[in-house]
Amino acid sequence: MAITGIKGFNDILPGEVEKWQHIEATARRVFELYGFAEIRVPIMEKTELFARSIGDATDIVEKEMYSFTDKGENQVTLRPEGTASVMRAFIEHKLYANDPVAKLYYLGPMFRYERPQKGRYRQFHQIGAEVTGVTDPKVDAQLLTMLCHFFDELGLTEPTLQINSLGCPECRPIYRQVLKEFLRAKLELLCDDCKRRFETNPLRALDCKSTGCQEATKEAPSVLDHLCAGCADHFARVRGYLETVGTGYSINPRMVRGLDYYTRTTFELVTGLLGSQSAVAAGGRYDGLIAELGGPALPGIGFAMGVERVALLLAEQEFKKRPDLFIAALGEPAQAEAFRLMTGLQRQGVSVEIDYEGKSLKSQLRRSDKFDARFTLIIGEDELAKGRGALKNMDQGSQEEVPLTSDAVVQRLKI
Ligand code: ATP
Ligand code: MG
C-alpha cells in the first residue's frame, strides 16, 4: 500500500498554493509599509524556551507540544508558536544593542498536538509580527491598524477586531483573587479542565466554551474594572488612537489568552464564519517576557495569525494563475520554432505554455483552454513559411497576424 502523510499534516497543492502566495505577499507588502523586517528562526528549540515563556499551566505546554528527546539526549520541541523563538533570537543576537525598538515579522509552520478538524491541524502556519522597546500606546494602535489594513487589502470584511486589557503584575493578581472568590461559590458548575486549573489559571473559565463555565461566569467581575491607574490609562489611550485613525474595534472583557506572557492590551480578530475556530489572529503585549527570557527589561507586543483560517475565509476567491500565452504548433519544424519562441518570451517575462507531444491542433487548443491562457498563438506550416503566426486574444475573441519574434509578440501582448 502507498504511504500516506501524517494525520493533521497537510500538503498545499498547486491550485491552493496560489492563495497562500497571495496571503504571504500581501502580508510582506503591508508589513514592510509599517517598517517591519523579516526574521527567520528555526522550527525547533530547546523545550525549556517554550515552557518558560508560554507558561506551564497553559494548554499548549500542558498537552499540545511536540516534544521529544533527540539522539544526544537533548529535550527539544517543534515550535508551537513564534514569539518565544523570535525573542530568543532578539536576545541572543543582541538586536537591541543599536536600537531597542525592533519591528520584526515571520512566517512559517508551527506544530501542536491537537485533534485535527477543519481549521485546526497539527502542522499549521502562522504569519506574525512583533515590536520591542515601545510602551507608548501608539504602537499598540499601530500594530492593530496594520493587521486590519492587511485584511482590508485581502478584501475581507471578516474577521473583526476585539480588544481587552489583562492588566499588569501589579493589578492582575488582585483581579485574579477577586475572580477566584467569585468562582469559588460556583466551582461545581465549572468543567473538569477549569476546575483543575482553578488554582493556577482561573481566568481561563471566562472564555471556556462549556455551558457550565459560561453559566458560572455570566455575572463575573470584569478585568477592566480592576485595572490599576497605569493600565487603565494605557488602555484608554490605545482606544483613543484606534479611533483617531478609524480602526474599528469592540471591547471583549472576557478575552483571555492561552499564553501566560501577555500583559495589558490583548486582542483577537474573530469571525463567525469558521464555527468554533473563530480566532483568525490573536496577540497582545508581553512587557515582562524579554526580561523573563534573560534579556533586557524591554516591553514587547505582537500577534500571530493562522494562515489556514485566512485561506478558508478567502475560499471563494479564484487565485489560479493564467499563462499569458499558449503556443499551438503543427509539425516538427513549427514545434521547434514554438520552443525557440517560448524560451525567448520567458526570458522577457512572459509566461508561456506549449504542448510537448505534437498532438492535433484541436487537442492543443483544448489544452490552451484548460490553462485559460490569455492569448493563443498558432503556428502551422504556412505561418512558419511566412514568418508570421495567428495570435488570438482569448478574452476578446479577436485575432491578428504577428511576426514570429519575441519582441513583436511581447508588444502585442501588452495591448
Ligand atoms: P484556538 O483558540 O483556536 O485554539 P489559540 O488561542 O490556540 O487558538 P494562538 O496560540 O493565539 O491560538 O495562535 C494564533 C492563531 O493561530 C489562532 O488565532 C489561529 O488562527 C491559529 N491557530 C492556532 N492553533 C491552530 C491549529 N492547531 N491549526 C490551525 N490554526 C491554528
Ligand atoms: Mg489553541
Side-chain angles (χ1 to χ4, degrees), residues 8-10 23-24 27 31 36 38-68 75-92 102-116 119-132 143 147 150 159 166 201 203-204 207 255-263 265-270 277-290 292-295 299-310:
F9 287 67
N10 299 320
I23 294 168
E24 290 162 2
F31 295 0
F36 284 72
E38 184 179 355
I39 181 166
R40 299 190 188 190
V41 289
I43 61 163
M44 199 159 79
E45 300 275 357
K46 294 177 182 165
T47 298
E48 60 182 294
L49 174 68
F50 301 115
R52 181 145 23 126
S53 56
I54 299 171
D56 287 330
T58 59
D59 281 354
I60 297 178
V61 173
E62 267 189 349
K63 50 190 184 198
E64 295 173 1
M65 292 216 296
Y66 268 94
S67 299
F68 55 95
Q75 302 297 320
V76 293
T77 296
L78 294 178
R79 62 181 185 192
E81 59 104 43
T83 304
S85 304
V86 172
M87 290 307 129
R88 195 263 313 135
F90 175 81
I91 296 164
E92 187 170 339
K103 295 183 187 169
L104 303 166
Y105 77 88
Y106 60 87
L107 35 88
M110 306 292 159
F111 304 85
R112 293 185 197 177
Y113 198 83
E114 298 200 72
R115 193 170 67 77
R120 191 178 294 287
Y121 309 100
R122 290 185 171 176
Q123 175 176 323
F124 64 100
H125 297 76
Q126 286 185 340
I127 301 179
E130 318 284 353
V131 186
T132 61
L143 196 74
L147 191 52
F150 164 81
L166 288 180
N201 205 347
L203 271 66
R204 288 312 302 269
D207 81 335
M255 181 200 307
V256 295
R257 304 289 312 123
L259 301 92
D260 279 355
Y261 51 61
Y262 287 119
T263 53
T265 318
T266 51
F267 50 90
E268 284 188 355
L269 276 107
V270 295
Q277 272 57 265
S278 58
V280 179
R285 267 199 176 271
Y286 44 83
D287 289 346
L289 178 64
I290 298 173
E292 175 68 23
L293 292 176
I301 180 168
F303 66 76
M305 71 176 105
V307 184
E308 281 80 0
R309 295 185 192 177
V310 179

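Quantities reported herein were computed from a predicted structural model and do not represent experimental measurements.
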> Residues two or more places apart in sequence or in another chain: which of them pass salt bridge (charged side-chain N to carboxylate O under 4.0 Å, His left out) with Glu268?
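Salt bridge (charged side-chain N to carboxylate O under 4.0 Å, His left out) check on Glu268 returns Arg257.
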> How far apart are the closest heavy atoms of Ser85 and Val41, and which atoms are they?
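For Ser85 versus Val41, the nearest heavy atoms are CB-CG2, 3.7 Å.
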> Looking only at non-hydrogen atoms, find the nearest pair between Ile290 and Pro299 and report the distance.
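Nearest heavy atoms, Ile290 then Pro299: CD1-O, 3.9 Å.
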> What are the two closest heavy atoms between Leu49 and Ser53, and how far apart are they?
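Here Leu49 and Ser53 meet closest at O-OG, 2.8 Å.
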> Evaluate the side-chain proximity of Val76 to Phe68: yes if any heavy-atom separation is below 4.5 Å, no if none is.
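Phe68 reaches Val76 side chain to side chain.
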> Between the side chains of Glu292 and Tyr286, does any donor sit under 3.5 Å from an acceptor?
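No, no side-chain donor-acceptor pair sits under 3.5 Å.
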> Just verifying a value: how many Å separate Leu78 CG and Thr47 OG1, rounded to the nearest 0.5 Å?
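One gets 9.5 Å once the value is rounded to the nearest 0.5 Å.
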> Between Ala279 and Val270, which heavy-atom pair has the shortest distance, and what is it?
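Shortest heavy-atom contact: CA-CG1, 4.4 Å.
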> Taking Arg122 for its side chain and Asn10 for its backbone only, find out whether a donor-acceptor pair lies under 3.5 Å.
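It does not hold such a pair.
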> Distance check, rounded to the nearest 0.5 Å: Phe50 atom CZ versus Thr58 atom OG1?
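Interatomic distance, Phe50 CZ to Thr58 OG1, rounded to 0.5 Å: 12.0 Å.
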> Would you give the length of the straight line joining atom NZ of Lys46 to atom OG of Ser67, rounded to the nearest 0.5 angstrom?
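Between atom NZ of Lys46 and atom OG of Ser67 there are 14.5 Å.
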> Looking at Gly119, is its backbone amide N or carbonyl O close enough to the side chain of Arg309 to form a donor-acceptor pair, meaning the two atoms are under 3.5 Å apart?
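Checked: pair present.
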> Just verifying a value: how many Å separate Glu81 CD and Phe124 CZ, rounded to the nearest 0.5 Å?
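That separation rounds to 9.0 Å.
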> Going by heavy atoms in the side chains, are Glu308 and His125 under 4.5 Å from each other?
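Contact flag for Glu308/His125 side chains = yes.
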> Can a donor-acceptor pair be found, under 3.5 Å and without considering hydrogens, that links the side chain of Thr265 to the backbone of Arg285?
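Checked: no pair found.
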> Run the ring-ring contact (aromatic ring centres under 6.0 Å, His included) test against Tyr113 and tell me which residues pass, sequence neighbours left out.
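With neighbours one apart ignored, the set is Tyr66.
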> Rounded at 0.5 Å granularity, tell me how far CD1 in Ile43 sits from CZ in Phe111.
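Output value for this atom pair is 4.0 Å.
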> Among residues at least two apart in sequence or on other chains, which ones pass side-chain contact (heavy atoms from CB on, under 4.5 Å) with Glu114?
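Only Glu64, Arg112, Arg120 meet the side-chain contact (heavy atoms from CB on, under 4.5 Å) criterion with Glu114.
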> Check Ala84 against Leu293 and note the closest heavy-atom contact, atom names and distance.
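In this case the closest contact between Ala84 and Leu293 is O-CD1, 4.3 Å.
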> Checking Arg204 side chain against Asp59 main chain: does a donor-acceptor pair fall under 3.5 Å?
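It does not hold such a pair.
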> Is the backbone N or O of Thr77 less than 3.5 Å from a side-chain atom of Glu45, with the two atoms forming a donor-acceptor pair by type?
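Checked: no pair found.
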> State the OG1-CG distance between Thr266 and Leu166, to the nearest 0.5 angstrom.
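Rounded to the nearest 0.5 Å, the OG1-CG separation comes to 4.0 Å.
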> Do Ile60 and Met65 have side chains that approach each other closer than 4.5 Å (heavy atoms only, starting at C-beta)?
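Answer yes - side chains close enough.
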> If we only count heavy atoms from C-beta on, is the Tyr262 to Val256 side-chain gap below 4.5 Å?
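No, every pair of side-chain atoms sits at 4.5 Å or beyond.
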> Taking side-chain hydrogen bond (donor to acceptor under 3.5 Å, both in side chains) as the criterion, tell me which of Glu130, Arg88, Gln126 meets it with Thr83.
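The side-chain hydrogen bond (donor to acceptor under 3.5 Å, both in side chains) with Thr83 is passed solely by Glu130 among Glu130, Arg88, Gln126.
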> What I'd like to find out is whether the side chain of Leu269 reaches to under 4.5 Å of the side chain of Met305, using heavy atoms alone.
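They are not in side-chain contact.
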> Can you name the closest pair of heavy atoms from Phe31 and Ile127 and give their distance?
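Shortest heavy-atom contact: CE2-CG2, 3.7 Å.
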